[in-house]
Amino acid sequence: MTTIWGVHNDQPHLDLVGNGFVSIGWDDLGDLSELKDDRDDAKDRVVRGYPDLKPGAIPVTAGTLLSFRYRMQPGDIVIHPHKPDSTLNFGRITGDYYHQAGVSLHANRRPVEWLRTGVPRTTFSQSARYEIGSAVTVFQVKRHRQEFLGFLKGLPTSAAPAEAEPEAAADEAAEQPDAERIETYTHDFVIDTLMKKLEGVDFEHFVAHLLGAMGYRTEVTSPSRDGGYDIIASHDPLLLKPPIIKVQCKRTTSSIGRPEVQQLTGALAAGGSELGLFVTLGSYSADAQHEERHRQNLRLINGRQLVKLIFEHYGKFSLEYKRLLPLRSVYVVDNTAN
């Protein structure tokens with residue numbers, strides 16, 4: 001039976017996909033090659049390395065180290081959630097644990113052949129997304145194992161909750177919501193709602209409304225005049241004084257590539273009087289992000305960044321859009337009080 005592991009790694013300076021590995025921290029413990037396959041020995045080593053660690057975290061950390069060092073096996077599947085753009089990366093473990101000499105960050109690693117990368121979280125059922133939101137750094141995916149394996153085989157994913165496998169019952173308590181996961185699930189709700197309830201032109205009007213809540217004057221272009229952009233925006237009430245912002249909107253959770261971004265930049269006037277803003281519910285490819293880094297007149301907004309802007313300016317939304325996205329105030333940063 002194929003085992004699936006989830007590995008959380010939010011280090012922004014580690015390119016796991018590009019370099020073919022997954023990793024964990026606890027670098028102060030050094031090389032784990034000599035770690036015994038024994039929970040008590042692992043707990044003792046954690047206590048020696050991190051004497052200030054809370055008692056309740058010691059067995060959890062020890063279990064994580066043992067799972068990464070011993071329980072994972074070549075051939076197992078690994079899911080690495082990428083928080084910055086709310087995507088999932090799927091790979092196959094191809095070798096044993098190793099300690100990468102000469103690096104100061106996450107030297108504890110395992111080689112991975114990446115099979116599918118940049119997959120939108122919303123591809124999967126809500127309960128499957130819930131399971132891979134485990135608070136533990138390394139965890140075994142059990143209840144939705146078949147859904148993820150089916151996806152890798154090219155089968156359609158199911159929106160129906162999966163039956164709990166018997167051995168998964170003991171893990172239920174470890175997967176109860178915490179603040180970070182509540183934020184993630186709320187993000188998924190917003191993206192799902194915008195995908196299901198808005199058509200393309202409706203999404204353009206929604207983005208224009210958001211920009212209006214941010215203090216911009218906006219105008220949605222007619223489809224017949226769409227020359228690589230959908231909205232023009234400016235702080236000028238008449239939309240005449242530069243800089244004029246040309247906005248391209250894509251209601252998709254897929255990855256946007258460089259050619260689509262270049263279509264927007266090609267519509268910008270020279271000289272800095274016009275700026276480009278690309279807004280999507282999904283993510284951007286590496287070459288699209290490279291394009292942004294090398295252009296001062298371009299900004300790319302992915303799904304997670306869009307949801308953050310919605311939270312920040314929700315207080316100024318019209319009743320129509322508040323009904324569309326009935327977010328509880330606990331999730332919303334209200335800037336209207338200042």
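For clarity, every value in this text was computed on a predicted model and none was experimentally measured. Counting from 1, the numbers follow the sequence of the chain as shown.
Contact of the Leu16 side chain with the Val112 side chain is not registered, since no non-hydrogen atoms from C-beta on lie closer than 4.5 Å. Side-chain contact between Leu239 and Glu219 is present, with heavy atoms from C-beta onward closer than 4.5 Å. The shortest distance between side-chain heavy atoms of Val46 and Trp26 does not fall below 4.5 Å. In this structure, Phe148 and Ile132 have side chains that are in contact, with non-hydrogen atoms separated by less than 4.5 Å. Side-chain contact between Val103 and Arg109 is present, with heavy atoms from C-beta onward closer than 4.5 Å. Between Leu210 and Leu306 the shortest side-chain heavy-atom distance falls below 4.5 Å.
Residue Leu240 shares its hydrophobic cluster (ILVMFWY side chains chained together at separations under 4.5 Å) with Leu238.
For Arg71, the side-chain hydrogen bond (donor to acceptor under 3.5 Å, both in side chains) partners two or more places apart in sequence, or in a different chain, are Asp37. Asp28 pairs by the salt bridge (charged side-chain N to carboxylate O under 4.0 Å, His left out) definition with nothing, not counting sequence neighbours. Checked against side-chain hydrogen bond (donor to acceptor under 3.5 Å, both in side chains), Asp41 has no partners two or more places apart in sequence or in another chain. Applying the side-chain hydrogen bond (donor to acceptor under 3.5 Å, both in side chains) test to Thr2 and every residue at least two apart in sequence or in another chain returns nothing. A search for side-chain hydrogen bond (donor to acceptor under 3.5 Å, both in side chains) contacts involving Trp114 returns nothing, not counting sequence neighbours. Residues forming a ring-ring contact (aromatic ring centres under 6.0 Å, His included) with His235 (at least two apart in sequence, or on another chain): Tyr216. Legend: residues meeting ring-ring contact (aromatic ring centres under 6.0 Å, His included) with Tyr321, ordered by chain and number and at least two apart, are Phe206, His209.
Among residue pairs with one or both ends in residues 264-283, those qualifying as salt bridge (charged side-chain N to carboxylate O under 4.0 Å, His left out) are Lys246-Glu274; sequence neighbours excluded.
Nearest heavy-atom pair across Gln248 and Gly228 is OE1-O, 2.8 Å. Residues Ala208 and Val220 share a closest heavy-atom pair of CB-CG2, 3.8 Å. The heavy-atom pair separating Leu29 from Gly49 by the smallest distance is CD2-CA, 3.7 Å. Here the closest heavy-atom approach between residue Gly133 and residue Tyr185 is recorded as CA-OH, 4.1 Å. Pairing each heavy atom of Gln305 with each of Leu300, the nearest pair is OE1-O, 3.3 Å. Nearest approach of Asp15 to Phe21, heavy atoms of both residues: O-CE2, 4.2 Å.
Applying the side-chain contact (heavy atoms from CB on, under 4.5 Å) test between Asn108 and each of Leu65, Leu35, Leu32 identifies Leu32 as the sole match.
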- Message: Lys83 vs Arg304, test: side-chain contact (heavy atoms from CB on, under 4.5 Å). Steps then yes/no.
- Response: CA-CA 8 Å; Lys83 184 177 178 180; Arg304 179 166 290 276; 3.9 Å; yes
- Going through the checks in order, is the side-chain contact (heavy atoms from CB on, under 4.5 Å) test met by Leu325 and Phe311? CA-CA 10 Å; Leu325 296 172; Phe311 288 172; over 6 Å; no
- Stepwise, does the side-chain contact (heavy atoms from CB on, under 4.5 Å) test hold for Tyr229 with Leu268? CA-CA 9 Å; Tyr229 58 95; Leu268 302 179; over 6 Å; no
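In this structure, Lys250 is not positioned above the aromatic face of Phe278 in the sense of NZ or CZ being under 6.0 Å from the six-membered ring centre and within 45° of the axis.
Note on Phe68 and Tyr50: same hydrophobic cluster, where clusters join Ile, Leu, Val, Met, Phe, Trp and Tyr whose side-chain heavy atoms are under 4.5 Å apart, directly or indirectly. A single hydrophobic cluster is seen to contain both Leu298 and Ile244, as judged by linkage of ILVMFWY side chains at heavy-atom distances under 4.5 Å, directly or through other members. Linking Ile, Leu, Val, Met, Phe, Trp and Tyr residues whenever their side-chain heavy atoms come within less than 4.5 Å leaves Phe139 and Trp5 in two separate clusters. Hydrophobic cluster membership is shared by Val22 and Leu14, with clusters built from Ile, Leu, Val, Met, Phe, Trp and Tyr side chains linked at under 4.5 angstrom. Each of Leu66 and Ile4 belongs to its own hydrophobic cluster when Ile, Leu, Val, Met, Phe, Trp and Tyr are linked at side-chain heavy-atom distances under 4.5 angstrom.
Summarising the geometry, atom CD1 belonging to Ile24 is positioned 13.5 Å from atom NE2 belonging to His8; distances are rounded to the nearest 0.5 Å. The distance from the CZ atom of Arg110 to the CE atom of Met72 is 6.5 Å, given to the nearest 0.5 Å. The CG atom of Leu275 sits 10.0 Å away from atom CG of Leu264, with the distance rounded to the nearest 0.5 Å. One distance of note links CG of Leu149 with CG of Leu155; it measures 10.0 Å at 0.5 Å rounding. The CG atom of Leu211 lies 6.5 Å from the OG1 atom of Thr218; values are rounded to the nearest 0.5 Å. With values rounded to the nearest 0.5 angstrom, Ser23 atom OG is found 8.5 Å from Tyr98 atom OH.
Of the charged side-chain nitrogens involved, none lies within less than 4.0 Å of a carboxylate oxygen, so that Arg251 and Asp230 do not count as a salt-bridged pair.
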Please list every donor-acceptor pair under 3.5 Å in which a side-chain atom of residues 87-96 meets a protein atom from a residue at least two apart or in another chain.
residue: Thr87; atom: OG1; partner: Asp85; partner atom: OD1; Å: 2.7
residue: Asn89; atom: OD1; partner: Gly118; partner atom: N; Å: 2.9
residue: Thr94; atom: OG1; partner: Pro111; partner atom: O; Å: 3.4

Kindly list each side-chain donor-acceptor pair under 3.5 angstrom involving residues 252-259, sequence neighbours excluded, with atom names and distances?
residue: Thr252; atom: OG1; partner: Ser254; partner atom: N; Å: 3.1
residue: Thr252; atom: OG1; partner: Ser254; partner atom: OG; Å: 3.4
residue: Ser255; atom: OG; partner: Ser285; partner atom: N; Å: 3.2
residue: Arg258; atom: NE; partner: Glu291; partner atom: OE1; Å: 2.8
residue: Arg258; atom: NH2; partner: Glu291; partner atom: OE1; Å: 3.0

Listing, residues 196-203 side-chain donor-acceptor contacts under 3.5 Å, not counting sequence neighbours, or none:
residue: Asp202; atom: OD2; partner: Glu199; partner atom: N; Å: 3.1

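The closest donor-acceptor contact from the side chain of Glu147 to the backbone of Ser125 lies under 3.5 Å. Although no hydrogens or angles enter the test, the distance criterion places a donor-acceptor pair under 3.5 Å between the side chain of Gln73 and the main chain of Tyr70. Looking only at distances, no side-chain donor or acceptor of Arg39 sits under 3.5 Å from a matching main-chain atom of Ala62.
For the 3.5 Å distance criterion, the side chains of Ser33 and His99 fail to qualify, holding no donor opposite an acceptor. Under the 3.5 Å distance criterion, with hydrogens and angles disregarded, no donor-acceptor pair is assigned to the side chains of Ser86 and Arg121. Side-chain atoms of Asn302 and Tyr284 include no donor-acceptor pair closer than 3.5 Å.
A centroid separation of less than 6.0 Å is found between the aromatic rings of Tyr314 and Phe317.
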